[in-house]
Amino acid sequence: MKKIVFMLAAMMLCAFSLSAQKEVKLRFGVLGGFNMTKWNGDGFLPDYNSETKEGITPTTFSKFEDAGFTPGFHVGALADMVINDKWSIQPELLFTFEGSKVAKVTESFEVKESKYTALFIKIPLIVYYNILNVGPGQLSPGVGPYFAGAVGGSGDEGDTFGPKGFDEFDWGLNVKVNYEFQKFASGLFAGAYFAQGFTTSKTTGFGISVGYKFQYWKYLKKVYNTGVLEYNP
C-alpha cells in the first residue's frame with residue numbers, strides 16, 4: 001500500500017506540473033464498468049495431461065495453474081487533462097474487484113478448481129490520442145501504466161494473499177479506447193481496455209466502462225482566463 005501512496009503522490013506532482021502550462025485544461029469525471037481477470041504467473045504449474053498427470057511432480061502439487069477468467073467490476077473517478085486538440089492525459093483512481101479461477105493440484109494429484117477474489121485500489125495513467133469528429137463524438141485510443149494495491153481478498157482455499165497466494169501489489173500496462181459524445185449527451189463516454197500485469201501473478205484483464213466528464217466550471221473563468229482551469233464552453 002505504501003507503493004500505491006507513493007505512485008499517487010508522483011501522479012499528483014505530474015498533474016501540477018502540467019497545470020503550469022497555459023494550454024492545458026482540466027475537467028473531472030466518474031466511471032464504472034465490468035471486467036474479467038485471471039492470474040497466471042510464473043509460479044503456476046505448466047500444462048499437464050489431466051488423465052496421466054504427466055508433468056506433475058510431488059514438488060509442484062501446492063502451486064497453481066490458471067484455469068479461467070473471473071468476472072468483476074470497477075468504479076471510480078478521473079481527471080482529464082487536455083494538452084491540445086490531439087493529446088490528453090487521464091489519471092484515474094479506481095476500486096476494482098478482480099479474481100481468477102485456478103486449478104489446485106492436491107497431494108494425491110487430484111485437480112480441484114478454486115476461485116480467488118480481491119479488491120484493489122488501482123491507479124491507471126493513460127495518454128490518449130484524440131481523433132475529432134468521428135460521428136457525433138471523439139475517438140481516443142490510449143496507452144499507459146497502471147499501479148494497484150490490494151485492500152483484501154479471499155478464496156475457496158483461504159487467504160488470496162497468503163504464503164502461496166498472489167501479489168498484493170500489481171503493476172502493468174493498459175491499452176484503452178474511449179469514445180466521448182460531443183454533439184449530444186456531451187460528456188458521456190464509453191470505453192474498452194486490455195491490461196497485462198508484470199508482477200509474478202501476471203494479471204491479465206479486459207473490461208468495458210461507461211462514465212461522464214463534467215464540463216469546465218463556469219465560475220472559474222472569473223479567476224483564470226487561461227491555463228489548467230480555463231473555461232471553454
Side-chain angles (χ1 to χ4, degrees), residues 4 7 11 29-45 47 64-80 88-103 113-131 134-135 137-156 160-161 165-181 188-213:
I4 290 295
M7 291 309 307
M11 290 181 182
V30 292
L31 76 160
F34 171 81
N35 49 258
M36 297 284 288
T37 56
K38 66 177 180 178
W39 301 325
N40 51 351
D42 294 336
F44 302 152
L45 285 170
D47 292 335
F64 296 101
E65 179 188 45
D66 163 60
F69 284 94
T70 294
F73 64 89
H74 56 276
V75 62
L78 62 88
D80 183 24
S88 61
I89 298 177
Q90 184 172 294
E92 301 172 0
L93 179 61
L94 305 174
F95 289 93
T96 66
F97 184 76
E98 302 181 0
S100 183
K101 294 178 181 178
V102 297
E113 183 178 281
S114 300
K115 180 180 179 181
Y116 288 80
T117 58
L119 179 64
F120 285 89
I121 296 177
K122 180 174 286 189
I123 306 173
L125 180 61
I126 311 298
V127 178
Y128 286 103
Y129 179 76
N130 304 309
I131 306 171
V134 179
Q138 170 182 291
L139 183 66
S140 302
V143 63
Y146 75 84
F147 306 90
V151 177
S154 63
D156 297 337
T160 299
F161 303 106
F166 304 91
D167 296 312
E168 291 186 73
F169 175 73
D170 185 30
W171 71 277
L173 187 68
N174 264 339
V175 178
K176 302 186 74 173
V177 178
N178 279 351
Y179 186 85
E180 181 181 349
F181 294 97
L188 183 67
F189 71 91
Y193 76 88
F194 172 80
Q196 179 60 57
F198 297 143
T199 62
T200 54
S201 291
K202 290 190 178 177
T203 304
T204 299
F206 61 91
I208 55 176
S209 305
V210 293
Y212 183 79
K213 296 179 183 179

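Reckoned from all heavy atoms, side chains included, excluding hydrogens, waters and symmetry mates.
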Peer 1: Just say parallel, tilted or perpendicular for the rings of F198 and W171, cut-offs at 30° and 60°.
Peer 2: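 It falls in the perpendicular class, over 60°.
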Peer 1: Specify the closest pair of heavy atoms between I131 and P141, including all atoms of both residues, with the distance to one decimal.
Peer 2: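 That closest heavy-atom pairing would be CD1-CD, 4.3 Å.
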Peer 1: Strictly distance-based, threshold 3.5 Å: is any side-chain N or O of T37 a donor or acceptor partner for the main-chain N or O of G205?
Peer 2: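 Here the side-chain-to-backbone pair does not exist.
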Peer 1: Could I get the full list of side chain to side chain contact (heavy atoms under 4.5 Å, CB included) partners for V143, not counting sequence neighbours?
Peer 2: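 V143 satisfies side chain to side chain contact (heavy atoms under 4.5 Å, CB included) with L173, V175 once adjacent residues are dropped.
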Peer 1: Hey, is the main chain of G137 close enough, under 3.5 Å, to the side chain of Y179 for a donor-acceptor pair?
Peer 2: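 Indeed, once roles are kept as given, a pair shorter than 3.5 Å links the two residues.
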Peer 1: Quick check for you: to the nearest 0.5 Å, what is the distance between F206 atom CZ and Y193 atom OH?
Peer 2: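 So the CZ of F206 and the OH of Y193 are separated by 9.0 Å.
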Peer 1: Tell me whether the rings of F147 and F169 are parallel (<30°), tilted (30 to 60°) or perpendicular (>60°).
Peer 2: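 Aromatic pair F147/F169 classed parallel.
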Peer 1: Counting only N and O atoms by type, is there a donor-acceptor contact under 3.5 Å from the side chain of Y128 to the main-chain atoms of D80?
Peer 2: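 No, Y128 side chain to D80 backbone: no donor-acceptor pair under 3.5 Å.
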Peer 1: Could you tell me the separation between the OG atom of S209 and the CG atom of N178, rounded to the nearest 0.5 Å?
Peer 2: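 Interatomic distance, S209 OG to N178 CG, rounded to 0.5 Å: 7.5 Å.
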Peer 1: Less than 4.5 Å apart, any side-chain heavy atom of Y146 and any of D170?
Peer 2: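 Yes, close enough: below the 4.5 Å cut-off.
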Peer 1: Side chains of I121 and F95: closer than 4.5 Å at any heavy-atom pair?
Peer 2: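 Contact flag for I121/F95 side chains = yes.
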Peer 1: For the atom pair CD1 (I208) and CE (M36), what is the distance rounded to the nearest 0.5 Å?
Peer 2: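 These two atoms lie 11.0 Å from each other.
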Peer 1: Quick check on side chain to side chain contact (heavy atoms under 4.5 Å, CB included): which of I126, L94, L93, L31 does L78 satisfy it with?
Peer 2: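 Per the side chain to side chain contact (heavy atoms under 4.5 Å, CB included) rule, the option paired with L78 is L31, out of I126, L94, L93, L31.
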Peer 1: Measure the NE2-CZ distance between H74 and F34 for me, rounded to the nearest 0.5 Å.
Peer 2: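 Reported to 0.5 Å precision, the distance equals 10.0 Å.
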Peer 1: Taking all heavy atoms of F97 and all of N35, pick out the closest pair and write down the distance.
Peer 2: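 Looks like O-ND2, 3.2 Å.
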Peer 1: Can you tell me how far OG1 of T70 sits from NZ of K38, rounded to the nearest 0.5 angstrom?
Peer 2: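 One gets 10.5 Å once the value is rounded to the nearest 0.5 Å.
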Peer 1: Go through the steps for E180 and K213 under the test side-chain contact (heavy atoms from CB on, under 4.5 Å), then give the verdict.
Peer 2: CA-CA 9 Å; E180 181 181 349; K213 296 179 183 179; 3.6 Å; yes
Peer 1: Going through the distances and angles, do K176 and E92 end up as a side-chain contact (heavy atoms from CB on, under 4.5 Å)?
Peer 2: CA-CA 13 Å; K176 302 186 74 173; E92 301 172 0; 3.0 Å; yes
Peer 1: Please round to the nearest 0.5 Å and tell me the distance separating atom CZ of F73 and atom OG1 of T96.
Peer 2: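 Reported to 0.5 Å precision, the distance equals 8.5 Å.
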Peer 1: Checking S140 against Q138 for the side chain to side chain donor-acceptor pair (under 3.5 Å) test, could you report, in this order, the C-alpha distance in whole Å, the side-chain angles of both residues, the deciding distance, and whether it holds?
Peer 2: CA-CA 6 Å; S140 302; Q138 170 182 291; 3.2 Å; yes
